[in-house]
Protein chains: 2
Amino acid sequence: MAYASCGILGRVPDAIWSVLIDPNRRAILELLRERPRAVGELVDALDLSQPATSKHLRVLRDAGVVRVEQDAQRRVYTLDPAPLAELDAWLAPYRRLWNARLDTLGRYLDDTKET
Amino acid sequence: MAYASCGILGRVPDAIWSVLIDPNRRAILELLRERPRAVGELVDALDLSQPATSKHLRVLRDAGVVRVEQDAQRRVYTLDPAPLAELDAWLAPYRRLWNARLDTLGRYLDDTKET
DNA sequence: GAGGCATATGCCATGCAAGGAATACACGCC
DNA sequence: GGCGTGTATTCCTTGCATGGCATATGCCTC
């Protein structure tokens, strides 16, 4: 949310970091970015066993970046990007730094153009 | 740099992710955000042994997020935020999503106000 | 060039996260 | 109520990253 990207919230929960560590979990996030999917779909898309996939989904659930909805025997997972805003907030101060660098580069280019 | 935050580069290198996993490494980044520091300074600031600190610095160096400069026996580390732009690029599609949510929320609030 | 300081590296032990296999659980259908 | 499908959980093993300790390396001073 807005207050998160303003940097007021400060600390990124460990759960969020641990989500990002794993490539498979990042892959799941990207798949869910497209549309909600049942577990079986994810299993097919990733090259992973069903139990392994379920375990990753558990981590994602605990971190709050996905939500489950039950549809008969299937469980459909949906992306909830909100917690990632914390990550964005964490990144903000660094973003300022590399933007400063870009500004410097920009001025340099302008100056050389004038020469 | 610019091309990174434009999202052209796509994949965040594994090295960047592995940097972020560790709380101590994130702490080092934050310390260096303030100003460049020698290893000894970092050892004091973190609650870590000197060897452990050096190992983390190695990881950070390999990922390209810090640079070293030698000053007699001391090595002064400086933050280089550029590679973090890749992370920013990775985050971009998700940012769009939570912004969309905020817009929805905004409209909802506007509507209820009108009622 | 010997000794002392600052940092890096090697080796070892420990802990922990990830994946596989088997199994438990939940739901719908006949 | 038994059965098949879809998903979660448990147990176990393995690999890997972390940190401490000891030690190597580099540099400066006397």
Side-chain angles (χ1 to χ4, degrees), chain A residues 12-32 34-80 83 87, chain B residues 12-32 34-80 83 87:
Chain A
V12 179
D14 286 353
I16 296 294
W17 292 118
S18 44
V19 159
L20 299 175
I21 295 171
D22 190 278
N24 288 315
R25 287 197 283 265
R26 296 197 300 268
I28 293 179
L29 289 184
E30 290 178 28
L31 287 168
L32 294 183
E34 218 175 296
R35 59 182 153 87
R37 296 180 194 248
V39 178
E41 261 184 285
L42 294 171
V43 171
D44 293 344
L46 311 166
D47 195 33
L48 262 184
S49 71
Q50 176 269 316
T53 307
S54 270
K55 285 177 211 167
H56 284 303
L57 287 169
R58 181 123 170 72
V59 176
L60 294 168
R61 246 184 304 151
D62 290 348
V65 289
V66 300
R67 303 211 164 266
V68 210
E69 192 187 346
Q70 191 147 1
D71 166 36
Q73 307 100 341
R74 297 191 310 174
R75 316 244 174 139
V76 179
Y77 280 81
T78 312
L79 179 66
D80 180 359
L87 181 62
Chain B
V12 179
D14 286 353
I16 296 294
W17 292 117
S18 44
V19 158
L20 298 175
I21 296 172
D22 190 277
N24 289 314
R25 288 198 282 266
R26 296 196 302 267
I28 292 178
L29 288 185
E30 290 178 28
L31 287 167
L32 293 184
E34 217 176 296
R35 60 183 152 87
R37 297 180 193 248
V39 177
E41 259 184 286
L42 295 171
V43 171
D44 292 344
L46 312 167
D47 195 33
L48 262 184
S49 70
Q50 175 270 316
T53 307
S54 270
K55 284 175 206 165
H56 284 303
L57 287 169
R58 182 125 171 70
V59 176
L60 294 168
R61 247 184 304 152
D62 291 347
V65 289
V66 300
R67 304 213 163 264
V68 210
E69 193 188 344
Q70 191 146 0
D71 167 36
Q73 308 100 340
R74 298 190 309 173
R75 316 244 174 138
V76 178
Y77 280 82
T78 311
L79 179 66
D80 180 357
L87 181 62

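Numbers restart at 1 for each chain; the letters A, B, ... are given by sequence-line order, proteins then strands. Owing to the predicted nature of the structure, the values given are computational and were not obtained by experimental measurement.
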Q: Could you say whether A/R74 or A/R61 is positioned toward the 5' end of DNA chain D, judged by the nucleotide with the nearest heavy atom to each?
A: A/R74
(Q) Tell me whether the side-chain N/O atoms of B/H56 come closer than 4.0 Å to OP1 or OP2 in D/dG19. (A) yes
Q) How close or far is atom P of C/dA18 from atom CH2 of B/W17, stated in whole angstroms? A) 15 Å
(Q) In whole Å, I'd like the distance from the CG atom of B/N24 to the P atom of D/dA17. (A) 16 Å
Q: Calculate the interatomic distance between A/K55 atom NZ and C/dA21 atom P; express it in whole Å.
A: 11 Å
Q | Contact summary for A/V39 and A/S54, nearest pair of heavy atoms | A | CG1-OG, 4.3 Å
Q. So which heavy atom on B/L32 is nearest to which on B/Y77, and how close?
A. CD2-O, 3.4 Å
Exercise answer: donor-acceptor pairs, residues 21-30 of chain B side-chain atoms, under 3.5 Å, sequence neighbours excluded:
unit_1, atom_1, unit_2, atom_2, d
B/D22, OD1, B/N24, N, 2.7
B/D22, OD1, B/R25, N, 3.2
B/R25, NE, B/S18, O, 3.3
B/R25, NE, B/V19, O, 3.2
B/R25, NH1, B/H56, ND1, 3.1
B/R25, NH2, B/S18, O, 2.6
B/R26, NH1, B/L20, O, 2.6
B/R26, NH1, B/I21, O, 3.2
B/E30, OE2, A/W90, NE1, 3.4

Q. Just how far, in rounded Å, is C1' of D/dC28 from CG of B/D71?
A. 11 Å
Q | Of A/A52 and B/A52, the one whose closest DNA chain C nucleotide lies more 5' | A | B/A52
**Q.** Minimum heavy-atom distance between A/L79 and A/V65, given as atom pair plus value
**A.** CD1-O, 3.5 Å
Q: Using a cut-off of strictly less than 4.0 Å, decide whether B/Y77 has a side-chain nitrogen or oxygen near OP1 or OP2 of C/dA6.
A: no
Q. Under 4.0 Å between a side-chain N or O of B/R58 and OP1 or OP2 of C/dT9?
A. yes
Q: Can you measure from CZ (B/R35) to CD (B/E41) and round to the nearest 0.5 angstrom?
A: 4.5 Å
Q | Interatomic distance, A/I21 CD1 vs D/dG15 P [rounded to whole Å] | A | 20 Å
**Q.** Spacing of CG belonging to A/D80 relative to CZ belonging to A/R67, to within rounding of 0.5 Å
**A.** 5.0 Å
Q) When you match A/V59 and A/P51 each to their closest nucleotide on DNA chain C, which lands nearer the 5' end? A) A/V59
Q. Given atom CD1 of B/I28 and atom C1' of D/dG19, what is their separation to the nearest angstrom?
A. 13 Å
**Q.** Side-chain N or O of A/S49 closer than 4.0 Å to phosphate OP1/OP2 of C/dG19
**A.** no
Q. What distance do B/L57 atom CG and B/R37 atom CZ have between them, rounded to the nearest 0.5 Å?
A. 12.5 Å
Considering only nitrogen or oxygen atoms on both sides, find all protein atoms under 3.5 Å from nucleotides 26-30 of chain C and state each distance.
unit_1, atom_1, unit_2, atom_2, d
C/dC27, O2, A/Q73, NE2, 3.3
C/dG28, O4', A/Q73, NE2, 3.4

Q | Atom-pair distance (CG on B/D14; P on D/dA17), nearest Å | A | 11 Å
Q) Just how far, in rounded Å, is P of D/dT10 from CD of A/Q50? A) 14 Å
**Q.** Enclosure of A/D47 CG (heavy-atom neighbours >12, cutoff 6.0 Å)
**A.** no
**Q.** Among D/dT18, C/dA18, C/dA6, the nucleotide that comes nearest once only the side chain of B/D22 is considered
**A.** D/dT18
Q.
Near DNA chain C, counting only heavy atoms under 4.0 Å, which residues of residues 38-48 of chain B show up?
A. B/A38, B/V39, B/G40
Q) Is there a side-chain polar atom (N or O) of B/S54 under 4.0 Å from OP1 or OP2 of C/dT7? A) no
